[in-house]
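Notes follow the structure.
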Amino acid sequence: MIRSVSIVRALKRHLRASSLTYRQLADRLGLSESAVKQMFAGGNFSLKRLDRICEVLMLDIAELVDMAVREAPLVEQLDLRLEQELVSDTRLMLVAHCLVNHWSVDEILARYLIDEPALVRFLARLDRMGLIDLLPGNRVRLRLSSSFRWQENGPIERFFRAQVQQEFLRGSFHAAGALQIVKSGYLTSEGQQQVLDRMSAVGDLFDEINRQEQRQPIGRRRGVTMMLATRSWNFTAFADLERKRPTTDAQ
């Protein structure tokens, strides 16, 4: 959601870039310099006044809003309350999933049983949550940082473990385009770190290809899930058979 403070900030930057002083702007508006400074300091613009300022700066209001959108900080993480709101509504979560994967509004409407008024309401909620900016004409701009992460053990992660992960792993991995690799061995900490680094690189490759293909029509793309997982772990039935190591009392 683009708030008034973001618009005023963008307006100030454009004013500086235009090399126009507050006094010069005040003269063109027929106001005192102090009145103009007060408007910018408090962000108190009527729509009529904002329109007049944009006219002086030869700037369309839609362009100003677009500038504010581009310059607004990206979202690094949602708070727990917003994550819970997302997982509590399946259709809202579906729309968010589609948008994050660069579906257009028309593609969502064509694929799922969501009518346009309902979809617009979902878009407005996602805008309020900070995941997207809802622009004129129901255009959407994602607000997620490249380093965006869900809350550790938060509602999204718990939902993934309880439902998505289990369903994913129950499926067959023998069809074309599927691959499941399970390895077991004994590694040093250094060897385990090498594996982690390689797995991280594969995850980066997935993200890179996903970005490269986001412009392809959805008819040419299909949902693909890749899960990489590794941790220090031993099967419980085996661990129960391990010989207990003697403890040594401190001297």
Side-chain angles (χ1 to χ4, degrees), residues 1-11 43 45 47 50-51 54 59-151 154-160 162-164 167 206-207 209-225:
M1 178 182 295
I2 297 302
R3 303 187 183 278
S4 59
V5 64
S6 300
I7 293 176
V8 173
R9 192 180 299 121
L11 192 59
F45 298 90
L47 285 176
L50 182 61
D51 189 52
C54 287
L59 179 68
D60 188 87
I61 289 182
E63 292 177 307
L64 178 62
V65 172
D66 195 51
M67 288 168 53
V69 167
R70 290 197 306 270
E71 296 166 0
L74 299 179
V75 176
E76 299 283 345
Q77 194 171 57
L78 293 182
D79 63 34
L80 293 173
R81 177 181 58 83
L82 293 179
E83 282 200 9
Q84 185 59 51
E85 179 181 350
L86 198 57
V87 300
S88 298
D89 190 324
T90 303
R91 293 197 299 169
L92 178 65
M93 190 161 43
L94 168 64
V95 172
H97 171 78
C98 290
L99 294 176
V100 168
N101 284 282
H102 308 287
W103 286 48
S104 70
V105 167
D106 289 341
E107 287 170 337
I108 296 174
L109 289 172
R111 179 69 66 90
Y112 296 104
L113 292 173
I114 302 176
D115 60 27
E116 187 169 3
L119 180 56
V120 171
R121 289 195 295 271
F122 290 134
L123 295 178
R125 287 175 66 184
L126 294 172
D127 177 281
R128 177 182 55 77
M129 295 169 71
L131 288 172
I132 67 169
D133 282 318
L134 181 55
L135 306 176
N138 291 333
R139 293 181 297 114
V140 169
R141 189 194 305 273
L142 288 175
R143 299 302 305 156
L144 302 185
S145 164
S146 60
S147 58
F148 177 85
R149 294 291 183 272
W150 298 114
Q151 292 276 357
I156 294 291
E157 282 198 359
R158 292 198 299 271
F159 174 83
F160 179 83
Q163 299 189 43
V164 179
E167 181 177 326
F206 187 97
D207 288 339
I209 294 174
N210 191 32
R211 284 192 296 270
Q212 290 173 355
E213 297 194 338
Q214 69 184 46
R215 300 293 184 185
Q216 295 289 337
I218 198 60
R220 292 202 59 211
R221 294 186 286 148
R222 58 185 177 184
V224 175
T225 297

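Start at 1 with the first residue, then count along the sequence.
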State, to 0.1 Å, how close [X] and [Y] come at their nearest heavy-atom pair, and which atoms those are.
X: D89; Y: F122; result: OD2-CE2, 3.9 Å
X: L119; Y: I108; result: CD1-CG2, 4.1 Å
X: P155; Y: L80; result: CD-CD2, 3.7 Å
X: L86; Y: A96; result: CD1-CB, 4.1 Å
X: R141; Y: L135; result: NH2-CD1, 3.9 Å

Spacing of [atom1] belonging to [X] relative to [atom2] belonging to [Y], to within rounding of 0.5 Å:
X: R211; Y: Q214; atom1: CZ; atom2: CD; value: 8.5 Å
X: L78; Y: L131; atom1: CG; atom2: CG; value: 4.5 Å
X: R125; Y: I132; atom1: CZ; atom2: CD1; value: 12.0 Å
X: E157; Y: Q151; atom1: CD; atom2: CD; value: 9.0 Å
X: H102; Y: N210; atom1: NE2; atom2: CG; value: 5.5 Å
X: L144; Y: E76; atom1: CG; atom2: CD; value: 10.0 Å

Worksheet item: Taking the six-membered ring for Trp, are the ring centroids of W150 and F159 within less than 6.0 Å of each other?
Response: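 No, the ring centres sit 6.0 Å or more apart.
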Worksheet item: Would a distance-only check, ignoring hydrogens and angles, find a side-chain to backbone donor-acceptor pair under 3.5 Å from E107 to S104?
Response: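 Yes, the answer is positive, given that a donor and an acceptor are paired below the 3.5 Å cut-off.
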Discussion item. Whether the side chain of R221 engages the backbone of I218 through a donor-acceptor N/O pair (distance < 3.5 Å, no angle test) should be reported.
Written reply: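 Side chain of R221 to backbone of I218: no pair is present.
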Worksheet item: Can R121 and R91 be said to form a side chain to side chain contact (heavy atoms under 4.5 Å, CB included), step by step?
Response: CA-CA 11 Å; R121 289 195 295 271; R91 293 197 299 169; 5.7 Å; no
Worksheet item: Under the side chain to side chain contact (heavy atoms under 4.5 Å, CB included) criterion, do V120 and V105 qualify, and how do the steps go?
Response: CA-CA 9 Å; V120 171; V105 167; over 6 Å; no
Worksheet item: More than 12 heavy atoms of other residues, nucleotides or ligands under 6.0 Å from CD of E116: is that the case?
Response: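 Not more than 12 within 6.0 Å, no.
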Worksheet item: How about Q212: does its CD atom have over 12 heavy atoms from other parts shown lying under 6.0 Å from it?
Response: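 Enclosed.
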Practice prompt. Determine the sole option in V95, V100, N101, L99 for which the side-chain contact (heavy atoms from CB on, under 4.5 Å) test with H97 is passed.
Written response: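 Among V95, V100, N101, L99, the one meeting side-chain contact (heavy atoms from CB on, under 4.5 Å) with H97 is N101.
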For a 4.5 angstrom cut-off between non-hydrogen side-chain atoms, does [X] reach [Y]?
X: R128; Y: E85; value: yes
X: L74; Y: L142; value: no
X: S145; Y: V75; value: no

Practice prompt. Kindly indicate, with the supporting measurements, whether the criterion side chain to side chain contact (heavy atoms under 4.5 Å, CB included) is fulfilled by L94 and I114.
Written response: CA-CA 10 Å; L94 168 64; I114 302 176; 4.2 Å; yes
Item to complete: Apply side chain to side chain contact (heavy atoms under 4.5 Å, CB included) to the pair V140 and D133, showing each step before the final yes or no.
Response: CA-CA 6 Å; V140 169; D133 282 318; over 6 Å; no
